[in-house]
Amino acid sequence: MNRHVRTTLRAALAAGLLVAGALAGAPGASAAAAAPTVLNPSAYTLSADYHQFDALDAALVSTLGTSAVHTVMDNANHDRQGLASGFSVAGLSTGFRFDDGDDTDCQSYPQGITTSRDAIGTANSGNYDGHQLVLVSWYTADACGGDQQRSRITLVDWDATYPNKYRKILLVEPTGTTAAPSFKDIPIHAGGVSWYGDYLYVADTGSGMRVFDMRKILNTDTGGTADQIGRQSGSVYYAHNYAYVLPQVGTVTAHTTDADKLVWSSISLDRVSKSIVMTEYTCPSDCPKYPVRPPRAVRFPFASGATTFAATTTASQALRLPWYKLNGVASHNGRWWFNSSGQKQLYYWTPTAGPSTFAWVGGGESISYWEDSTGPDLLWSLQEPTGSRNVFAVTQATYGGG
């Protein structure tokens, strides 16, 4: 267990945040009724373009300048707080909540989660640019319960030597010309996110993934009105009062020979097999906004020795799943975890051990695997409902062992 986890755990225990039994052994696991079935992975491919916005991005960088991640965190302006006093889940190790404004915001919803351990592994305690970080993706609607309007990420410091701060960064798509570059909002669900090397992959539900480069965080003017976005008169750049924006650098587009195209509901990084895994949110019946069919999970490998996909990538594994309403997926060393927000269950499966089902939190979203060279590996996840947005880590061995 790293120093921050130990420190946070001691503080949480002292504050009574970890309820009795939360750190006990595995929750009651039961054999699942059915197991995933193998599909032909060659039916699923990706095409990747990492240079789609090169010219516009270069013009924006030249015009606005960039801030490194450590600079962004030096200017973090929100305070995270401890887990809710009544929060309980088996194997709980640590966690936090956002400030009260973000915890109760009915227009913005946390979705995906990844960490600097995904980005660089366990080297240097998982520090990226001097900081150990938890990164959460969000979408913002045009009204409470309204349509998706824009998306953002939140960078949360997760190191005992730094303040318990976080900073919001708006995700944008470059527009305009090289002479007058601009950017616009990205109105996607941002249901999953994976950080690998310097690249950030954000799920785009109907298409695949949008790609961002963490070395290209742009500086913007925090003035203007809350609805202003992009280049304004006099070459001033506003971003809904955000100080930082992260411009898209490329797109990874999914293709399939199946009758049903993939629904990119959630993604996660598997550092062992150097791949991204994705899964779909579907329903067994009566679900007008989502597909009514069994979901799939597909693994796509990165190019050899790279943190990018090749121009064309064929999946290396594909599964048909017996579970529904899946908001989260993770894989590591041939093991899989699937979170069903609708069933409040976490499903664990390996080809040799078969499936198991564990009790899980309500409103659960994405999952990220946290490798630790000095303590137990963790699974990070989070809750979406307003007023209950706990971001938490559990010991991985509690949910499937190994």
Side-chain angles (χ1 to χ4, degrees), residues 46-73 75 112 114 116 118-120 128-129 133 135 137-140 149-155 167-188 190 193-204 207-222 224 228-254 267 276 302-303 306-311 313:
L46 300 177
S47 58
D49 180 358
Y50 288 83
H51 303 288
Q52 181 179 0
F53 298 104
D54 276 3
L56 288 175
D57 279 331
L60 286 168
V61 167
S62 176
T63 302
L64 297 176
T66 62
S67 286
V69 165
H70 77 267
T71 302
V72 172
M73 299 316 298
N75 292 287
T114 185
S116 53
D118 279 341
I120 66 169
Y128 181 95
D129 195 21
L133 298 162
L135 186 156
S137 62
W138 301 63
Y139 77 87
T140 296
Q149 184 181 52
R150 56 181 179 261
S151 51
R152 72 170 191 248
I153 59 172
T154 297
L155 281 180
R167 186 89 202 201
K168 304 174 188 179
I169 302 173
L170 188 70
L171 299 179
V172 297
E173 179 181 318
T175 62
T177 66
T178 54
S182 188
F183 48 78
K184 64 181 181 179
D185 286 315
I186 299 179
I188 61 174
V193 61
S194 291
W195 188 358
Y196 196 32
D198 295 311
Y199 290 102
L200 191 69
Y201 296 86
V202 180
D204 189 345
S207 303
M209 295 174 286
R210 300 203 185 205
V211 187
F212 304 82
D213 188 333
M214 294 296 289
R215 298 166 294 186
K216 294 182 178 179
I217 300 173
L218 301 173
N219 306 311
T220 53
D221 194 312
T222 57
Q228 287 182 298
I229 179 72
R231 187 174 186 267
Q232 311 294 316
S233 60
S235 298
V236 176
Y237 287 78
Y238 293 138
H240 306 301
N241 306 128
Y242 284 71
Y244 303 105
V245 301
L246 185 61
Q248 185 176 346
V249 298
T251 303
V252 178
T253 306
I267 63 174
I276 277 181
F302 287 98
T307 57
T308 55
F309 291 102
T313 299

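In this structure, OH on Y242 lies 9.0 Å from CG on L171, to the nearest 0.5 angstrom. Note that CD of Q149 and NE2 of H240 are 6.5 Å apart. Values are rounded to the nearest 0.5 Å. Atom OH of residue Y244 and atom CZ of residue R152 lie 16.0 Å apart, to the nearest 0.5 angstrom. Taking OG1 of T253 as the reference point, atom CG of L46 lies at 8.5 Å (rounded to 0.5 Å). Summarising the geometry, atom OG belonging to S67 is positioned 7.5 Å from atom CG belonging to N75; distances are rounded to the nearest 0.5 Å. To the nearest 0.5 Å, atom CG of residue D57 and atom OG1 of residue T66 are 11.5 Å apart.
At a threshold of 4.5 Å between non-hydrogen side-chain atoms, the residues T308 and Y196 do not count as touching. Side-chain contact between L155 and M214 is present, with heavy atoms from C-beta onward closer than 4.5 Å. Between V249 and F53 the shortest side-chain heavy-atom distance does not fall below 4.5 Å. Residues I267 and T114 are not in side-chain contact: their nearest non-hydrogen atoms beyond the backbone lie 4.5 Å or more apart. For the pair I169/F212, no side-chain contact is recorded, criterion being any heavy-atom separation below 4.5 Å from C-beta on.
Legend: side-chain hydrogen bond (donor to acceptor under 3.5 Å, both in side chains) pairs involving residues 170-184, not counting sequence neighbours, sorted by first then second residue: E173-R210.
Among all heavy-atom pairs drawn from K216 and P247, the shortest one is O-CD, 3.1 Å. In terms of heavy atoms, Y201 sits closest to T307 at OH-O, 2.6 Å. Between Q232 and Y238, the closest heavy-atom pair is CG-CD1, 3.4 Å. When all heavy atoms of A48 and A310 are compared, the pair lying nearest together is CB-O, 3.5 Å. Across all non-hydrogen atoms, the minimal contact from I276 to S194 is CD1-CB, 3.9 Å. Of all heavy-atom pairs spanning Y50 and D54, the tightest one is O-OD1, 3.8 Å.
Judged by distance alone, with hydrogens and angles left aside, the side-chain atoms of S116 form a donor-acceptor pair with the main-chain N or O of L133 at under 3.5 Å. D185 contributes no side-chain N or O that, together with a main-chain N or O of P187, makes up a donor-acceptor pair within less than 3.5 Å. Judged by distance alone, with hydrogens and angles left aside, the side-chain atoms of D213 form no donor-acceptor pair with the main-chain N or O of Y199 at under 3.5 Å. Between the side chain of S151 and the backbone N or O of A190, no donor-acceptor pair lies under 3.5 Å. At distances below 3.5 Å, not a single donor-acceptor pair connects side-chain atoms of R150 with backbone N or O atoms of L170. For D129 (side chain) and H70 (main-chain N/O), a donor-acceptor pair under 3.5 Å exists by modelled atom type.
Remark: the T251 side chain and the D49 side chain contain no N/O donor-acceptor pair separated by less than 3.5 Å.
Judged as a side-chain contact (heavy atoms from CB on, under 4.5 Å), and not counting sequence neighbours, the contacts of L64 are L60, F183, L218, T220, Y237.
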Worked check of side chain to side chain contact (heavy atoms under 4.5 Å, CB included) between V252 and T313 = CA-CA 10 Å; V252 178; T313 299; over 6 Å; no
